[in-house]
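Just so it is clear, the model here is predicted, and its values are computed rather than measured. Counting starts at 1 for both ligands and their atoms, following the listed order.
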Amino acid sequence: MLNNWVVAPTCLPLVIRRCHICASDRFRASGRFRVNANHKLIDAWLLVLCTACGETAKLTVLERMNVRSVRPGLLDRLHDNDTGLIAELLQDPVVRRRNRIALDWDNAWRLDTGGSDHLDREVVDVSVRFAARIPVRPVRLIAEGCGLSRAEAERLITEGKLVSAVRLTSKLSGDFTFTLKR
Ligand SMILES: [Zn+2]
């Protein structure tokens, strides 16, 4: 029987970016967008706040874009300060590259295993799904989900009792499966 685990965000990740006022390099989403329309051209930014000093920074979402080429619904969501849109944009590689930011997912996700009943069996097959592209080492998830220490999980890998098609000790952010034999 295949068990399904989910890695799910619990809140928005922090934005890694250097503050030009203080020495901090973490910003949090303010929950607001700023939209500027000039004739037919639109600029839109996501406003983020320095976690240390509160300084506001703007992340570019749209840059001098013709209003007619903005995808339907996007303007309404920008004007409504849509929280789901903030999450989508932060995870959009184009937005991240354009603004030269990375994300800090520490304490912003959880692992849902649907209970621990399956852990008593001799062979456990688990499919892990990522609800957002959260970079994490599979060995850490497996240790947490199976109630093992990180060292125990690493020993099981070495002994060939914990197997997967992916490298369990390197960070990944996409779905994978693993098998644990005891
Ligand atoms: Zn600051």
Problem - Residue pairs, two or more places apart or on separate chains, that pass ring-ring contact (aromatic ring centres under 6.0 Å, His included) and touch residues 52-109 - result: none
Problem - Residues R140, E144: salt bridge by 4.0 Å N-O rule - result: no
Problem - Side-chain ion pair, D104 and R26, N-O less than 4.0 Å - result: yes
Problem - Minimum heavy-atom distance I101-R17, with the two atoms named - result: CG2-CB, 4.1 Å
Handout entry: Under-2.8 Å protein N/O/S neighbours of the Zn ion (ligand 1), ordered by chain then residue number
Key = C19 SG, C22 SG, C50 SG, C53 SG
Exercise answer: donor-acceptor pairs, residues 27-39 side-chain atoms, under 3.5 Å, sequence neighbours excluded:
{"from": "S30", "atom 1": "OG", "to": "R32", "atom 2": "N", "distance (Å)": "3.1"}
{"from": "S30", "atom 1": "OG", "to": "L47", "atom 2": "O", "distance (Å)": "2.8"}

Problem - All salt bridge (charged side-chain N to carboxylate O under 4.0 Å, His left out) counterparts of R137, not counting sequence neighbours - result: none
